[in-house]
Each structure stands twice: as structure tokens, then as C-alpha cells.
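Before any comments, here is the structure.
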Amino acid sequence: MSDLAELLATVEQVRAERYSHLPADLVEQVLRIEAEHTDDPVGAVRELRRLINQRARGSDAEA
Amino acid sequence: MLRLDRLEVEDFGPYKGTQSFEFPPGDGVIIVYGENRRGKTSLLNAIRYALLGVVITRGSRQLDFHKVVNHEARQEGRLGFQVALHLHFEGRRYSLTRRCMPRPGIAEPSRNEHYTHSVYLQREGVPLSQEETEHELARIMPPQISRFFLFDGELLAEYEELLRDREESDIGGRIAAAIEQILGLPMLQNARSHLTDLTQEAVRDEARAAQKDSKTREFGTLIETLGVQIEAHQRTRTELQQQLSTGESRKLALEEILRKTAGLEALLDERARLEREIEEIKDRQADRRKRLQNALSSSWRGLLARRVQPLRETLLARRDVLQEQVTEHLLLAKRAQALKDALGTGRCPLCSQQAAPSLLAERIGEEGSQAEVDIEGVQRQILEVEEQLDTLSRLSENDGAKSVLALFDDLEELKVDLHDRNQRLRDLLDEIGGSPAEEFGTHRKEYEKLVGELHILRSGIEAETTEIATKEARLKELQRKVDQISGSGLGAEREKREMLESLATLFQDSVALYRDRLRERVEHDATDLFLRLTTEPEDKGLRINDQYGLTIVHRDDTDIPVRSSGAEQIVALSLMGALQKNAPLSGPLIMDSLLFRIDDAHRANVVRALPEMASQVVVLVFRAELDPPVARERLNGALLAEYELRRISARHTDIEPYRGG
């Protein structure tokens with residue numbers, strides 16, 4: 001398992017510079033899902049889908 | 001972290017029966033001394049077989065399993081082999097056993113298909129299922145990064161690819177991917193890949209939603225169709241990339257084989273030429289023998305030659321005498337006639353003076369009596385002599401002595417030529433060894449065909465990439481139109497799609513940034529190690545490119561091209577040490593034929609640096625490569641154990657603690 005903190009820092013740097021419209025916590029959650037499912041790509045995709053759908057529904061509700 | 005505890009081999013390679021090898025606890029170096037052909041590479045292969053199920057030989061080819069079985073064991077009826085490896089991984093104890101046995105009913109296995117393999121893994125004493133076993137082994141030693149732990153100095157070809165610093169190297173790309181896996185990049189890459197898949201899903205969902213509205217139905221259908229096409233192109237491209245990857249590996253292996261057998265082509269040509277010449281000589285010998293046989297069939301005449309010649313000379317002399325008689329008779333007869341004619345004229349036929357008839361008559365009488373020879377008898381004698389001479393000539397003609405001698409000389413010369421060529425052919429066959437011409441030719445043909453195929457694959461990948469880009473651009477255009485027409489109607493689907501697109505691109509950019517950082521760290525650590533290994537004071541360090549290609553940097557900041565295999569080995573070791581330091585997936589470093597290409601000064605530096613390259617280092621060397629007292633002095637307290645591969649017979653080696661000085 002690689003150093004998660006280092007990966008998070010790298011991704012956050014890029015997000016802040018070029019993708020600030022994406023919420024920081026969303027990006028972090030994506031990475032954590034990947035970290036928890038390194039040997040389970042099907043599970044990773046399932047969890048990511050759920051996360052994105054929740055976010056989309058949450059946005060809808062706000063709208 | 002992976003740590004080896006104990007290795008047990010049974011009838012594997014030169015190791016007859018069951019033999020074991022302990023890895024002492026603690027960090028440090030284990031040295032195994034073994035002369036050539038004693039089993040150093042086999043020991044490395046035993047570990048490789050246990051972890052990965054493969055045994056490899058020169059040219060990175062997999063060795064057929066029937067060739068792995070110990071020869072003497074096979075003679076005794078044991079046709080399979082087994083390796084057991086006891087280890088610790090991530091703090092837990094594992095026992096791994098891998099066995100290769102002939103299938104039931106196969107009495108003389110000679111192909112891999114004749115064998116069956118079984119692997120058993122226990123974790124903390126508890127047996128794991130087959131699925132769990134495969135999963136754990138892939139975690140403990142992923143095959144694509146095993147080359148960084150099981151280092152065979154003779155298989156430097158792959159590292160040499162890296163060290164050529166080629167931006168376009170496909171094999172470099174794959175090794176780079178392997179390095180990045182060891183360094184933890186996959187998590188970001190997986191995120192990118194999964195988000196891309198979800199984006200495609202979102203595109204389809206949006207397209208289907210657009211089809212529900214009459215204003216955007218047509219566009220929705222087009223978007224969905226394009227999406228399907230793009231996915232198909234991506235799948236095709238992925239397949240082509242996998243084929244390219246496999247082909248590049250095979251190309252590399254073939255290049256190594258052809259490189260090592262480069263001289264073989266010239267030897268094979270010479271062999272063909274010699275074989276032709278030998279056949280020609282044999283043909284000429286057969287021809288000479290036949291002519292000799294013919295010549296000898298009349299050579300008996302030669303035996304008579306000596307006797308015939310004096311007879312012939314006698315007859316010739318006799319003939320001359322007889323012919324003189326005939327000539328004299330004719331002259332006398334002519335003179336007598338002239339004298340008779342002179343009787344009528346009263347003048348001498350010679351001087352035309354007056355001659356008395358009585359004198360003329362007297363002369364006629366004298367000459368007449370002299371001419372009264374039995375000329376017919378003489379002529380008959382001449383004929384007889386001529387016949388005898390003729391007979392003798394037939395006997396002595398073509399006695400063949402000279403041609404027989406010439407033929408014997410020829411045959412002798414041909415015999416010497418044949419002997420020389422046969423001798424050269426024998427030497428040549430020894431040199432060529434077990435590499436049949438057919439195999440060399442096959443490799444060469446395979447290589448040429450493969451180069452063509454790889455070119456086609458690259459073109460195919462390029463074409464697919466272009467097609468994907470074109471269709472994606474078209475897709476974007478259609479999506480913009482749908483956005484314009486639908487307004488907020490497809491808001492949810494659009495938002496989801498846009499969120500996923502941004503996330504996928506974010507992780508794409510993160511991969512690039514993380515990769516750069518990893519390379520910087522690896523470059524720094526590889527430079528650090530390299531400067532301790534090199535003996536050249538003007539070396540500044542190493543520079544690493546996008547594909548993990550390495551060049552040596554001079555203190556004036558220019559690149560020094562790496563040429564010698566010894567230098568490449570030093571650079572490769574530096575890279576391995578740096579990877580070990582940075583990898584979250586660390587393990588033992590087992591190195592075969594590590595030092596034989598490098599000079600004494602570099603060797604000293606490498607030995608001193610070994611303890612810092614990994615926590616557990618096993619070095620397989622022969623004594624001339626690394627002198628035991630010198631090794632002990634240089635490693636000091638870091639030397640954990642010394643072993644020796646002791647020859648019992650040509651096909652049997654025992655692993656024993658080293659007892660020499």
C-alpha cells in the first residue's frame with residue numbers, strides 16, 4: 001500500500017490549482033474508496049458510482 | 001514487507017533429494033559460493049518457481065519442466081520436483097509449497113503439458129483456498145515487478161533497454177509501468193480508469209435521457225451510438241496494446257538470443273561451405289578411383305614395358321639394317337641400269353667421260369653381283385619386323401603408368417584435403433554446440449516477422465487513437481447542442497457527467513504529477529547509491545527520463561553514454577537500490593552473477609553497499625568473483641551466512657554451509 005497521505009497531497013495540489021470547482025472532500029473520498037478496494041475493482045466502481053449519485057442527488061436537492 | 005526464512009528444494013535442477021537453505025534472521029547479506037554449473041541460477045530459479053510458478057533460462061525463455069527435474073532423480077524413477085518457501089509478509093508467517101508432477105499415466109514426461117502443478121499456501125499455519133492462495137501470491141510477489149527482486153546479471157537485456165534512454169521504447173514503457181507499480185502509482189491510475197468508465201456510463205445515461213425528449217431525441221441517439229463506437233475502439237486499442245506489449249517482450253528475448261548467437265550465423269555458413277566442399281572432394285575421390293581402376297586394368301602393359309623396349313629397339317635396328325639393304329639394292333640397281341645405258345653411249349653416267357665398253361661391262365658385272373640380293377626376302381623380313389614392331393607397340397601403348405601415378409598423387413592430395421576439412425568441421429560443430437541451424441534460422445525468421453507485426457500493431461493503435469479522438473470531439477459537439485436545446489431539462493445527467501469528466505481529468509493530471517515526484521525521488525536515491533558505487537571522480541550522478549531510462553551525468557552536466565555491460569550493471573544496481581528504498585512493496589534482493597562483469601574497484605564498492613540495498617540480500621557468486629576473506633572484511637557484521645554449492649557429481653549438487661577459508 002502506498003503512502004495515502006502523499007497521494008492525497010498530490011491530488012489536492014492539482015485540484016486546488018486547476019479543478020477548484022470540485023469539492024476537496026469529494027476528491028478525498030474517491031481516493032479513500034480506491035485505497036480500500038485496491039484488489040476489488042468491481043467494488044471500487046460500485047462505491048464510486050454510489051458516491052457520485054449521492055452527490056448528484058444532493059445537488060438536485062439543493063437546486 | 002517480504003522476508004524469506006527458509007527454502008527447501010526437492011529434485012530441482014542439480015539439487016538431488018531434499019535440500020534446504022536457511023535465511024538467518026536480521027538484516028544483512030548471505031553469500032552463496034558456487035562454481036559454474038553448480039546451481040547458482042537454479043537456486044534463484046527455485047525461489048522464482050515457488051513464488052511465480054516459472055523457471056527461466058537464457059534469453060528470458062521459460063525452461064521446460066522436464067528439463068528442471070534432477071537427472072539422477074529421474075534415473076531413479078522420480079519424475080517431478082517440489083519447492084517449499086517459508087516466509088514472512090506484512091508481519092504474517094506463510095508456508096508456500098509448489099509441486100510439479102507428471103500427470104497420471106505419463107511414464108516419460110517430455111513436454112509441459114505432461115505435467116500438473118499444485119500450489120499450497122498456509123498463513124499462520126492455516127491452509128488457504130486456491131483463490132485466496134492466488135490472491136495472496138499476487139500481493140506478495142506481483143510477477144511484473146519480480147525482476148526487481150530476483151536479479152539475474154545474465155538477464156541484463158531488459159535493463160539495457162532502460163539504459164539506452166529511448167523515449168519511444170515500448171519495453172521501457174512497460175518497465176516504467178512495473179516500476180510505478182512498485183512505487184504505488186496504481187491507486188491513482190485505478191481511480192482514473194474507474195472514473196473514466198463511470199463517465200462513459202454517464203454519457204450513455206445522458207444520451208438515453210435526451211432520447212426521451214423529441215427535441216433532443218436524434219442527438220441522443222447519435223450520442224449513444226458514438227459512445228458505443230468509442231468504447232469498441234477503446235477495447236480494440238487495449239487489445240492491440242496488450243499484443244504489442246507481449247510482442248515487445250518476445251522481441252527483446254529474441255534480440256538477446258540473436259545477439260548471443262550473432263557469431264553463430266558465420267559459423268553455420270562456414271559449416272555449410274565445409275560440408276559442400278567435403279562432398280565435392282568425395283565426388284572427386286570417387287572419380288579418381290574409377291579412373292584408377294580403369295588405368296590399372298591395362299597397367300600390366302607397364303610390366304612388359306621394360307622387356308618390350310629392348311626387343312623393340314633390336315627390331316628397329318634390324319629394320320633399319322634391312323631398309324638400308326633395300327635402299328642399297330635400289331641404288332645399285334639404278335647404277336647398274338645407268339651403266340647398261342652407258343654401254344650404248346660409251347660415256348660414264350657419272351662424269352660423262354668416254355668410257356671403254358669393257359670397263360663398263362666390268363663395272364656392270366660388279367654392281368650386278370652386288371645387287372643380286374634377295375630383295376623380296378629382305379622386304380618380307382622388313383614386313384615381318386614391322387608386324388612385330390606393331391605388336392610390341394600395341395603392348396606398350398597406354399601402359400598407364402604415368403596416369404596411374406598421377407591418379408595416386410591426386411588421391412593422396414584429396415585425402416589430406418578431406419582430413420583437414422573434416423577436422424575443421426569437427427571443431428566447428430563443437431563451437432556451434434547444441435544450437436542447430438534450424439533453430440537459429442527459426443529465431444531469425446520469427447524476429448523479422450515480429451518486427452513487421454509490431455509495426456502493424458503500432459499503426460493500428462495509432463489509427464484507433466485517432467478514431468477515438470475524432471469521435472470524442474464529435475460527441476462533445478453533440479453534447480453541446482443537446483445542452484443548448486434542452487436547457488435545464490437534462491441538468492442532473494449533465495451535472496453527473498461533467499463531475500465525472502472533471503474527476504477523471506483531475507486524476508489523470510495527478511498521475512502525471514505523482515510520477516514526476518516519484519522519478520525525482522528515485523533519481524535522487526539512485527544517484528546517491530551510484531556515487532558510492534562508481535570509481536570515476538568526474539561522475540556527477542544519474543539522470544532519469546520519463547521511461548526510467550538512466551544516463552550517467554558528468555560534472556559538467558553533459559550525459560555520458562553508458563556502453564560497457566559492467567557500467568550498465570552498476571547503473572542497474574543503483575536503480576534497484578533506489579526502488580527498494582522507495583517502494584512500499586519491499587522485499588529481499590537475490591542476485592545471481594552480480595559481479596563478474598565489473599572490475600575489482602567497482603566490485604569492492606558494490607560489496608560494501610550491499611547491506612544498504614535491501615534488508616535481506618542474497619548474492620550468488622563464484623569464488624573468483626568474490627574472494628571469501630575479502631567479502632568478510634568488506635561486509636563485516638553485515639554478513640549473516642555463507643553457503644557453498646558443493647559438487648557431488650556432474651548432476652548433483654549439495655547446499656552446505658561454507659567451510660573454506
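Order of the sequence lines fixes the chain letters, A, B, ..., with proteins taken first and strands second; residue numbering starts at 1 for each chain.
For A:Arg18, the part lying under 4.5 angstrom from a heavy atom of chain B is the side chain only. Looking at B:Glu493, there are no atoms closer than 4.5 Å to chain A (heavy atoms on both sides), in backbone or side chain. With a 4.5 Å cut-off on non-hydrogen atoms, A:His37 does not touch chain B at all. For B:Thr505, the parts lying near chain A are the backbone and the side chain together; criterion is any non-hydrogen pair under 4.5 Å. If you measure heavy-atom distances from A:Glu12 to chain B, you find no contacts under 4.5 Å at all.
Counting heavy atoms from C-beta on, the side chains of A:Leu48 and B:Leu503 never come closer than 4.5 Å. Contact check for A:Thr38 versus B:Asn190: no side-chain heavy atoms found under the 4.5 Å cut-off. Under the 4.5 Å side-chain criterion, counting only non-hydrogen atoms from C-beta, A:Leu31 is in contact with B:Leu188. Proximity of B:Lys496 to A:Arg55: side-chain heavy atoms (C-beta onward) are nowhere separated by under 4.5 Å. The closest side-chain heavy-atom distance from B:Phe507 to A:Val30 is below 4.5 Å.
Distance check: A:Asp40 CG to B:His135 NE2 gives 9.5 Å after rounding to the nearest 0.5 Å. Distance check: A:Leu7 CG to B:Arg517 CZ gives 10.0 Å after rounding to the nearest 0.5 Å. Between the CZ atom of A:Arg46 and the NE2 atom of B:His194 there is a distance of 12.0 Å, given to the nearest 0.5 Å. Atoms CG and CG, on B:Asp205 and A:Asn53 in that order, are 8.5 Å from each other to the nearest 0.5 Å. Atom CG of B:Leu506 and atom CG of A:Leu22 lie 6.0 Å apart (nearest 0.5 Å).
Minimum interatomic distance between B:Met499 and A:Ala56 (heavy atoms only, all atoms of both residues): CE-N, 4.5 Å. A:Glu34 and B:Ala191 make their closest contact through OE2-CA, 3.4 Å (heavy atoms, listed as atom of the first residue, atom of the second, distance).
Shown here is B:Glu124, whose CD atom has more than 12 heavy atoms of other residues, nucleotides or ligands within 6.0 Å.
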